[in-house]
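Worksheet: one structure, shown below.
Each chain gets a letter, A, B and so on, in the order the sequences are listed, and its residues count up from 1. Only this structure's heavy atoms are used, side chains among them; waters, hydrogens and symmetry mates stay out.
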Amino acid sequence: VNSKASPAADRSPPEQAPAPSAADREVKQTSTLVVGAVLLGLVLQVWIPPGGFTLVAAAFLASMVLVAVGWLAPGKLRSTIAGFRFIATLLFVLAVMAILGTLILQLKPATFYLTRYGVIGKLIVALRFDDIFHGLPFALLMALFGASVIASALLRWPVKLSNLGFFIAHVGLLTSLAGAGASATLSLRGRIDLHAGGETATHVLITRANQPTGERAALGFDLHLDKFDLVNYEPEFRVGYYEQTAVTDERGPHLSWRLKASFDPDTERHRLPSGDSFRLTGIYPDFAPTPDPASGTVKYGTASQDWKNPAVSLEASVGGRKVEQLLFAARPQAVFLAQDRALIFERREKEVKAYISHVTAVKGASRTSTKIAVNEPMSYDGWTLYQVNYRPEDPTYSGLEAVYDPGVSWVFLGFTLICLGVFTMFYVEPRLKRRAPAAAAAAARA
Amino acid sequence: MLQYVLAEHPFFVATTALYTASAAFYAAAWRSTKAFVGRAATALMAAGLVLNGTLIVQRWIEADRAPFKSLFESLVFFAFCIAAVYVFFEFIYRTRVFGVPAAILALGCLAYALSKWDAEIVKLPPALQSPWFVPHVMVYFVGYAAVTLAFALAIIQLAAPRVAFVQKLLSFKAGTIATGKPLDVEGINYELVRFGFALLTIGLLVGSVWAKSAWGDFWVWDPKENWSLVTWLVYGGYLHLRRVRGWRGDKGAWLLIAGFAVVMFTYLGMHLLPTAEESAHVYNSQ
């Protein structure tokens, strides 16, 4: 493969090749710092339990110490922690931690791990891998990450147009981390259970990992649920094609009917996955048979176009043989094409489209009435209220989540800066770098 | 099943046929010196892309929502993104050498979609009825398509010094490489990853903003969130390591293959995790 850079690719050379000893030193320092952070975290965790405060305090303090030591101490520590090798190593180790967090269920009671994992469960609890993302090993790795971002950004100070994107992205990372730190330590989260026309909420029941802690926090205003709407999708009537398939579940291996295809009720001929076909010869939204005195038979018809008592006449072709049957959505009937294949005309049960709380917040003389739905939270007096729960059996009940999070604006500001920085770094800086030598050459010619 | 798809979903079959034909023509362009063969391959790929887009629009209208809810729908969209990113890069680099892997990848998505066929269009639950849903999914899948193509190119990059035929492909051939210059696979790969990484970054952050508006938390350490972060970290690691001596050759290519494995696990493997039962991101049909 030709190693020449393509026209559109980044032409910047790899970081200046270090002498073998310098590269060795970098590898040695990187592994010492990363392995040391994990081991130190594991040891200190014996005395310092995981938690939001542990994560933020340890990460902040350790990163500040590392940046200071890197700047003040003799040697090349600063260039190591600002280097590409160090940050890449760190990103991979953080990836491993993130993977571990998906392999081990987090924030469960100790007994859960012992019963589910046995001896390994004891190890998980002892190493506090039941709360990986708030533990000290993770905090110290985040400290290294923070120190690396600060060191690499400082190395590029003062900012030039040619490294503007890098600087913005790294400032964005720090801003997000600071905001996330504020969220982890200062935010409050809890449940508010309300009934329409019922009691007024003045407090939030604080939760952690969705479990109540028993604490309460004052909202600072009164919240009243005026009305609760449970909005369903319109019911549908469909022709379902089912096949009997072998399944294995908690009941053991058995045969089960599975929906394989579904069709709108129309009069076109439809092909089925089995190769058979069917068509509806009559569709009656509100089935009403009328006797035909002339022939002495009953004629199928519909009393109205409203789907009150829907029925269809279904004609199926199975291996050249035709089968016709009248099917009602309200009755459990099927046209069996074979022992393990059937067509059913059925009503799809109502599905929840939205659940909406109409609430009024009262603070002193001020009254604010609004609605809260999923994806449409309400912000009031520092709190943001989210629609999170409903009970089908209790149409007056609404479950809200109240969140007080002073860090979130900083997190989102950081996100914006990261996106802006990445775009500038990848698509603006290379153009500027290409333009600079061209401008210099033009000036020289002039 | 095939008869059913052929009769009930002709656009799906036509899209598959066009991608298959384009793969055949792109492969023929490796050998042929006639410009027509390469042009026909591009035309077929573009036609497949248009029909794939039509398939998505048709489903959008039928479902009355963005067709990104089920695994089947996402696979159809993934095929579209792979073809779209490929056609864009073919236009930029003026080479058709990578048309075969791109068409095969798009075909692979459609073949897998066939095995995960939706029995019925499902309704959107309240949490997915967000203005962030469409940008989040679109940005992610275009990013996934870019790193998927980077994976294919990484294999070519690794094979080139070892397999004479692959090495020959990367040199000038009329109708295949319009510029006539030898190809820098590593450079194209870097460009793809850079593009993909920028989109993965935006997708991850848009997802966080959406999570905040739906559940009140921008990050809940959900398995899918974690694996999206792992994807971002791996490609971030690649972009940093590329600046370290010795990481632009085989090692970098292997890293891209590992990155693709992570992407695929993030996309398709969530149900295998013990934490899947607590995730809001696992496809129902898996």
* Asked: So which of B/W117, B/W221, B/F195 has the largest heavy-atom pair count under 4.5 angstrom toward chain A?
  -> B/W221
* Structure fact -> Answer key: most heavy-atom pairs under 4.5 Å with chain A among B/A214, B/G246, B/P131, B/A198 is B/A214
* Structure fact -> From the list B/D217, B/L128, B/V220, B/I202, the residue making the most non-hydrogen contacts under 4.5 Å with chain A is B/D217
* Does B/R245 make a cation-pi contact with A/F84, if we ask for NZ or CZ under 6.0 Å from the ring centre and within 45° of the axis? -> no
* To do: Check whether A/I99 gets within reach of chain B through its side chain, its backbone, both or neither, counting any heavy atom under 4.5 Å.
  => both
* **Pair A/L91-B/H240, side-chain contact (heavy atoms from CB on, under 4.5 Å): steps then yes or no** => CA-CA 10 Å; A/L91 294 180; B/H240 282 88; 4.0 Å; yes
* Pick whichever of A/T384, A/V96, A/L272 has the most heavy-atom pairs under 4.5 Å with chain B. => A/L272
* In terms of heavy-atom proximity below 4.5 Å to chain B, should A/Y241 be classed as side chain, backbone, both, or neither? -> neither
* chain B contact via A/K353 - side chain, backbone, both or neither, heavy atoms under 4.5 Å -> both
* **A/S183 versus chain B, the contacting section by heavy-atom distance below 4.5 Å** => side chain
* Asked: Side chain of B/Y4, backbone of A/H270: donor and acceptor closer than 3.5 Å?
  -> no
* Under 4.5 Å, counting heavy-atom pairs only, tell me which of A/G101, A/S274, A/S176, A/A95 racks up the most with chain B. => A/A95
* Report the C-alpha distance between A/I418 and B/L205 in whole Å, list the side-chain angles of each, state the deciding distance to 0.1 Å, and finish with yes or no for side-chain contact (heavy atoms from CB on, under 4.5 Å). => CA-CA 9 Å; A/I418 292 169; B/L205 304 185; 4.2 Å; yes
* Structure fact -> Scanning both residues in full, the closest heavy-atom pair of A/L173 with B/W232 reads CD2-CH2, 4.4 Å
* Which atoms form the tightest heavy-atom contact between B/K212 and A/Y386, and what is the distance? -> O-CE2, 2.9 Å
* Judged by modelled atom types alone, do A/N375 and B/W132 share a side-chain donor-acceptor pair under 3.5 Å? -> no
* To do: Measure distances from A/E236 to the heavy atoms of chain B and classify the residue's part below 4.5 Å as side chain, backbone, both or neither.
  => side chain
* Of the backbone (N, CA, C, O) and the side chain (C-beta and beyond), which part of B/N189 lies under 4.5 Å from a heavy atom of chain A, both, or neither? -> neither
* For B/G237 and A/A88, which heavy atoms make the closest approach, and how far apart are they? -> O-CB, 3.8 Å
* Close side-chain approach of A/R348 to B/E120, heavy-atom, < 4.5 Å -> yes
* Structure fact -> One should read off an interatomic distance between A/M97 CE and B/L229 CG, to the nearest 0.5 angstrom, of 12.0 Å
* **Option passing side chain to side chain contact (heavy atoms under 4.5 Å, CB included) with A/T102 (candidates B/L273, B/D222, B/V230)** => B/L273
* What part of A/I87 lies closer than 4.5 angstrom to a heavy atom of chain B: side chain, backbone, both or neither? -> side chain
* To do: Could you tell me whether A/I120 atom CD1 has more than 12 heavy atoms of other residues or ligands within 6.0 Å of it?
  => no
* Asked: What part of A/R116 is in contact with chain B, defined as an atom under 4.5 angstrom from a non-hydrogen atom: side chain, backbone, both or neither?
  -> side chain
* Heavy-atom pair count under 4.5 Å with chain A, highest-scoring of B/A7, B/G236, B/S130 -> B/S130
* From B/W215 atom CH2 to A/Q387 atom CD, the distance as rounded to the nearest 0.5 Å -> 14.0 Å
* Asked: To the nearest 0.5 Å, how far apart are CD in A/Q106 and CG in B/N226?
  -> 8.5 Å
* Structure fact -> Hits for side-chain contact (heavy atoms from CB on, under 4.5 Å) against A/W257, two or more places apart or cross-chain, chain-then-number order -> A/Y242, A/Q244, A/F336, A/A342
* Check whether more than 12 heavy atoms from other residues, nucleotides or ligands sit under 6.0 Å from atom CZ of A/F112, and answer yes or no. => yes
* When only pairs under 4.5 Å are counted, which of A/D264, A/V411, A/I132, A/L94 shares the most heavy-atom pairs with chain B? -> A/V411
* Asked: Side chain, backbone, both or neither: which part of A/I104 has a heavy atom under 4.5 Å from chain B?
  -> backbone
* Asked: So do the side chains of A/P430 and B/R194 get within less than 4.5 Å of each other, counting heavy atoms only?
  -> yes
* Quick one: what part of A/F415 sits under 4.5 Å from any heavy atom of chain B, side chain, backbone, both or neither? -> both
* B/Y238 portion near chain A, given a 4.5 angstrom heavy-atom threshold -> backbone
* To do: Give a yes or no on this: more than 12 heavy atoms of other residues, nucleotides or ligands lie within 6.0 Å of atom CZ of B/F91.
  => no
* Is the backbone of B/G216 close enough, under 3.5 Å, to the side chain of A/R189 for a donor and an acceptor to pair up by distance? -> yes
* To do: State, to 0.1 Å, how close B/S213 and A/P377 come at their nearest heavy-atom pair, and which atoms those are.
  => O-CD, 3.5 Å
* Under 4.5 Å from any heavy atom of chain B - which part of A/F423 -> neither
* To do: Only counting residues at least two apart or in another chain, list the ones meeting side-chain contact (heavy atoms from CB on, under 4.5 Å) with A/A182.
  => A/L186
* Would you confirm whether B/E8, through its side chain, and A/R271, through its main-chain N or O, come within 3.5 Å as a donor-acceptor pair? => yes
* Asked: A/T416, A/V408, A/V422: which one forms the most heavy-atom pairs within less than 4.5 Å of chain B?
  -> A/V408
* Region of B/L199 that comes under 4.5 Å of a non-hydrogen atom in chain A -> neither
* Asked: Relative to chain A, which segment of B/L204 carries a heavy atom at a distance below 4.5 Å: side chain, backbone, both, or neither?
  -> neither
* **Interchain contact, B/Q3 with chain A, by part (heavy-atom threshold 4.5 Å)** => both
* Asked: When you look at OH of A/Y233, are more than 12 heavy atoms from neighbouring residues, nucleotides or ligands closer to it than 6.0 Å?
  -> yes
* So, B/F218 versus A/W410, ring centres under 6.0 angstrom or not? -> no
* Gap between atom CG of A/L259 and atom CG of B/D118 - 0.5 Å precision -> 10.0 Å
* Structure fact -> Whatever's closer than 4.5 Å to a heavy atom in chain B on A/V352 counts as both
* **Selection from A/F412, A/F263, A/F426, A/F92 maximising heavy-atom pairs under 4.5 Å formed with chain B** => A/F426
